[in-house]
Amino acid sequence: MSEGATSAPARLGAFAADLYHCADCGYCVDAVWVERGIDHVCPTIGHHAPIASYSGRGFIAAARAWVEGAALDRDVLAERVFACTGCGNCEQVCPIGLRPAQVGAALREELVATGHAPASVDKLRAAMRTHGNPHARPAAERGAWAGELSFAAQDATVLYAPGCACAYTAPGEAGAVVALMARAGERVAFRGDADRCCGAPLGEAGFVDDAAYAEQRLAHDVSAVCVVTSGLECWPAWHRALGADTPVFSFSAWLLAALESGRLRIAAPPSLRVHAFDACASRRRGAQSGTPDPLREVLARMGAVVVNDARFAAAAVCCGAAGTMAGLAPDSAQRMAQARLVDVAHADVLVASDTRCGTHLAAAADAGTAPVVGLAAFVQQFCTIGGDG
Ligand code: SF4
Ligand code: SF4
């Protein structure tokens, strides 16, 4: 279905400078620059559809056409832009600092607003509205991970918000986080039945109004001196909702602070070869930007032997866990994960501080792959723990 000229979409108009400065160089499509640690860029181009219109460059061309009133098949465009993981790698490599990933996000918002979201994306919103999580799991199971753990009923020093991925797909990681925080002397609170999604999956999928509503509920319902979340994709929403006066930490950032202050002393086994999984969350820009994820600093403080090169961290190609990719094309998302697991052959264990990445990678791993564990589970299962707490 082709659709003719319409008024210029406001969300795309905000990116006019990007649309008209793009040099069509193709770096964001498939750049390889070994000295800079760049070994391809876009997971969608590499493992889903090797066609430029699926890349950041393609998003800029499509947005320009839409703004100029050209006829566009919006359903075809939707199949392309919802196959983007939102990893932000294209923005990392653009030599003139353009924002192709954010243009892609704006296209998703416009397509949602005009009723052109793919069926898998509409299903995601239905799952959120019915169950309150993107996994379509019963809301009543959200706190099952907490089991018999005890939490502070008053005078809590930290509220733990596991995030949907950790609560539903990595219950052991959530329990290990709480145990470590208690070991460091924190009085940990958990909201139990009142714990709910921050809206990040809705924002990634372009449902900006639904995402804003979820954030407003956080701001309205939550009062805490400090929040720690295992969801790296959740951190920006919590940070926006609670404002600058309430510190919000990713778990890796909290752990680094606990190590630096001496509240915890953790030693990794000296002979264990660790693959630090560098997630995309900390390099995204735009609405989902800014998550602090000092995984490598944490591992260095523990004395861990990290065997994968930090130079490649800044431009590592996404594992396919984020955004709407896994729902739209699960086979492609699995190939993305398998591509990231190739490097792990030289390690004894892969440590992922991004729970969503960790569970996605673990599902794609075969019997010969090193174990994939979350950061707290790594500490609990492999390290020696001491502390003053
Ligand atoms: S954000 Fe990631 S998946 Fe999307 S176009 Fe850019 S590099 Fe490709
Ligand atoms: S967005 Fe940047 S990297 Fe991509 S084609 Fe345009 S100028 Fe090149």
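One-based numbering, in listed order, for ligands and for the atoms of each. The model shown is predicted, which means the values in this text are computed figures rather than measured ones.
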Inset, instruction - Answer yes or no: is there a side-chain heavy-atom contact under 4.5 Å between Val121 and Arg108? - result: no
Legend entry - For atom 3 (S) of ligand 1, closest protein heavy-atom neighbour: Thr85 N, 3.5 Å
Inset, instruction - For the residue pair His135 and Tyr168, categorise the inter-ring angle as parallel (less than 30°), tilted (30 to 60°) or perpendicular (more than 60°). - result: tilted
Legend entry - Shortest non-hydrogen separation from Ala321 to Cys357 and the atoms involved: CB-CA, 4.0 Å
Inset, instruction - Taking the side chain as every heavy atom from C-beta outward, state whether Val379 and Met302 have any atom pair closer than 4.5 Å. - result: yes
Legend entry - Contacting atoms of ligand 2, where contact means under 4.0 angstrom from a heavy atom of Tyr27: 3 (S)
Inset, instruction - Using non-hydrogen atoms of the residue, decide whether Gly104 is closer than 4.0 angstrom to ligand 1. - result: no
Legend entry - Heavy-atom pair with the smallest gap, counting every atom of Leu232 and Ala279: CD1-CB, 4.4 Å
Legend entry - Those atoms of ligand 1 less than 4.0 Å from some heavy atom in Thr44: 3 (S)
Legend entry - Under 2.8 Å: N/O/S of Cys87 next to atom 2 (Fe) of ligand 1: yes
Inset, instruction - Tell me which protein heavy atom sits closest to atom 1 (S) of ligand 2, plus the residue, atom name and distance to 0.1 Å. - result: Ile60 CD1, 3.7 Å
Inset, instruction - For atom 2 (Fe) of ligand 2, grab the closest protein heavy atom and report residue, atom and distance to one decimal in Å. - result: Cys94 SG, 2.4 Å
Legend entry - Mutual orientation of the aromatic rings belonging to Trp33 and Tyr27 [parallel < 30°, tilted 30-60°, perpendicular > 60°]: perpendicular
Inset, instruction - Can you pull out the closest protein heavy atom to atom 8 (Fe) of ligand 1? Residue, atom name and distance to 0.1 Å, please. - result: Cys42 SG, 2.4 Å
Inset, instruction - Decide if atom CZ of Arg311 counts as having more than 12 heavy atoms of other residues, nucleotides or ligands within a radius under 6.0 Å. - result: yes
Inset, instruction - Please state whether Pro95 comes within less than 4.0 angstrom of ligand 2, counting heavy atoms only. - result: yes
Legend entry - Atoms of ligand 2 close to Gly26 [distance to a heavy atom under 4.0 angstrom, numbered from 1]: 5 (S), 8 (Fe)
Legend entry - Heavy-atom gap Cys318 to ligand 1 smaller than 4.0 Å: no
Legend entry - Residues Arg263 and Glu186 bridged, charged N to O under 4.0 Å: yes
Legend entry - NZ/NE/NH1/NH2 to OD/OE distance under 4.0 Å, Asp155 and Arg187: no
Legend entry - Closest heavy-atom pair and its distance - Phe151, Trp145: CZ-CH2, 3.9 Å
Inset, instruction - For ligand 2, note which part of Val93 has a heavy atom under 4.0 Å away: side chain, backbone, both or neither. - result: neither
Legend entry - Sub-4.0 Å heavy-atom approach of Gly56 to ligand 1: yes
Legend entry - Under 4.0 Å to a heavy atom of Ala23 - the qualifying atoms of ligand 2, by number: 6 (Fe), 7 (S)
Legend entry - Metal check, atom 2 (Fe) of ligand 2 vs Cys25 N/O/S, cut-off below 2.8 Å: no
Legend entry - Identity and distance of the protein heavy atom lying nearest atom 6 (Fe) of ligand 2: Cys22 SG, 2.4 Å
Inset, instruction - Starting at CH2 of Trp235, measure out to OG of Ser252 and round the result to the nearest 0.5 Å. - result: 11.5 Å
Inset, instruction - Looking only at protein heavy atoms, identify the closest one to atom 4 (Fe) of ligand 2 and say how far it is in Å. - result: Cys28 SG, 2.4 Å
